[in-house]
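Order of the sequence lines sets the chain letters (A, B, ...), proteins ahead of strands, with each chain counted from 1. Here the structure is a predicted model, which means the values were calculated and not measured.
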Amino acid sequence: MKLATWNVNSLKVRLPHVLQWLEANPIDVLCLQETKLTDDKFPVAELEAAGYQVAFTGQKTYNGVAILSRFPLHDVVKNNPRFADESQRVISATIEGIRVVCAYIPNGQAVGSDKYQYKLRWLDALHDWLADELKSHDQLALLGDYNIAPDDRDVHDPAAWAGSVLVSDPERAEFRRLVDLGFKDAFRLFEQPEKIYSWWDYRMMAFRRNMGLRIDHILLSPMLAARCTGCVIDKLPRKWEQPSDHTPVIAELA
DNA sequence: ATGGCTTGCGCTGCAAGA
């Protein structure tokens with residue numbers, strides 16, 4: 001069973017990449033963020049033709065999340081029922097007994113801004129909701145764009161980024177609070193090469209210079225962590241024409 | 001050096017991303 005997450009930065013633009021990537025990679029469940037499509041424009045037929053069932057919730061211009069699955073999706077829930085939010089940032093479903101939560105965590109814009117406060121409140125609410133979800137789901141995976149680099153190892157230049165949004169202490173504390181619920185960062189369950197990232201700025205030739213951050217993650221409940229046999233970031237799609245600025249993260253379960 | 005790209009909206013530059 002392979003689970004993956006990918007912030008596609010517009011599914012309208014990136015659908016060919018998603019289809020190409022799925023053709024080359026045997027992924028069972030793919031969580032997408034920043035689809036930027038209202039539900040009436042979601043490419044259901046194209047994805048079903050590729051062998052995937054879909055659950056999605058979107059809005060105009062911003063946000064939007066989806067789960068694509070080779071297996072049936074049960075008990076689909078949109079958003080965090082504990083947090084009133086106009087932004088479409090969360091969708092959940094049970095697939096082969098696994099509760100899959102796909103999340104696009106707010107960016108936060110700048111430390112101290114209104115959007116930063118919203119990010120921290122949003123993460124508090126996510127924490128409280130998932131604490132309860134874990135009581136009813138032994139097998140729970142939280143996949144998505146967290147917009148948090150949990151550790152200096154996840155930052156190309158920790159000195160330059162120190163204290164700024166995506167790496168600030170309060171954001172990292174929120175990430176640790178999720179981990180303290182019992183989750184494991186799938187990527188760190190395994191020995192990994194250094195300087196592996198999941199996002200690079202479009203500007204400054206950041207990708208070619210590997211000026212990236214690891215901000216897309218797969219957190220696994222203890223039972224799923226015990227089943228996990230590997231976790232990799234596939235940076236290949238970042239090299240394609242007109243790429244997303246993020247690249248997929250994949251976890252394999254036995 | 002706070003810019004640098006990319007997208008959506010919609011037709012003109014601007015907001016937002018990270």
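One finds no salt bridge joining A:D154 and A:R172 here, because no Lys/Arg side-chain nitrogen approaches an Asp/Glu carboxylate oxygen to under 4.0 Å. Classification of A:D124 and A:R121 as a salt-bridged pair fails, no side-chain N sitting under 4.0 Å from a carboxylate O.
Here B:dA18 presents its P atom at 15 Å from CE of A:M204, a figure rounded to the nearest Å. Rounded to whole Å, atom C1' of B:dA18 lies 11 Å from atom NE2 of A:H156. When the P atom of B:dA18 is taken as reference, atom NE2 of A:H217 falls 12 Å away, rounded to whole Å. Computed from coordinates, the A:R214 CZ to B:dA18 P distance equals 16 Å when rounded to whole Å. Rounded to whole Å, the distance from CZ on A:F207 to P on B:dA18 is 17 Å. Rounded to whole Å, atom C1' of B:dT2 lies 12 Å from atom CH2 of A:W161. Nucleotide B:dA18 holds its C1' atom 13 Å from the CE atom of A:M211, rounded to whole Å. When the C1' atom of B:dT7 is taken as reference, atom CD of A:Q242 falls 9 Å away, rounded to whole Å.
Among the protein residues, A:V165 comes within range of no part of the nucleic acid, since none of its heavy atoms lies under 4.0 Å from any strand.
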Side-chain donor/acceptor pairs under 3.5 Å, residues 20-28 of chain A, sequence neighbours excluded:
from	atom 1	to	atom 2	distance (Å)
A:W21	NE1	A:D234	OD2	2.7
A:N25	ND2	A:W21	O	2.9
A:D28	OD2	A:K2	N	2.7

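A search for salt bridge (charged side-chain N to carboxylate O under 4.0 Å, His left out) contacts involving A:E252 returns nothing, not counting sequence neighbours. Every residue two or more places apart in sequence or in another chain that forms a salt bridge (charged side-chain N to carboxylate O under 4.0 Å, His left out) with A:R203 is listed here: A:D201.
Side-chain atoms of A:R14 lie closest to B:dT6 of the nucleotides B:dG8, B:dA18, B:dT6.
A gap of 27 Å separates the P atoms of B:dG13 and B:dA18, to the nearest Å.
Side-chain nitrogen and oxygen atoms of A:T61 include at least one within less than 4.0 Å of the OP1 or OP2 phosphate oxygen of B:dC9. For B:dT6, neither phosphate oxygen OP1 nor OP2 lies less than 4.0 angstrom from any side-chain nitrogen or oxygen of A:S244.
Counting side-chain heavy-atom gaps under 4.5 Å among Ile, Leu, Val, Met, Phe, Trp and Tyr, the cluster of A:Y197 also holds A:W200, A:F207. A:L120 belongs to a hydrophobic cluster whose remaining members, ordered by chain and number, are A:V111, A:Y116, A:V155, A:W161, A:V165, A:L166, A:V167, A:W199, A:L213, A:I215; membership requires side-chain heavy atoms of ILVMFWY residues under 4.5 Å apart, directly or through intermediates.
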Grab the N/O contacts between the protein and nucleotides 11-17 of chain B below 3.5 Å, and write none if there aren't any.
none

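The 5' end of DNA chain B is approached more closely, in terms of each residue's nearest nucleotide, by A:K12 than by the other of A:P106 and A:K12.
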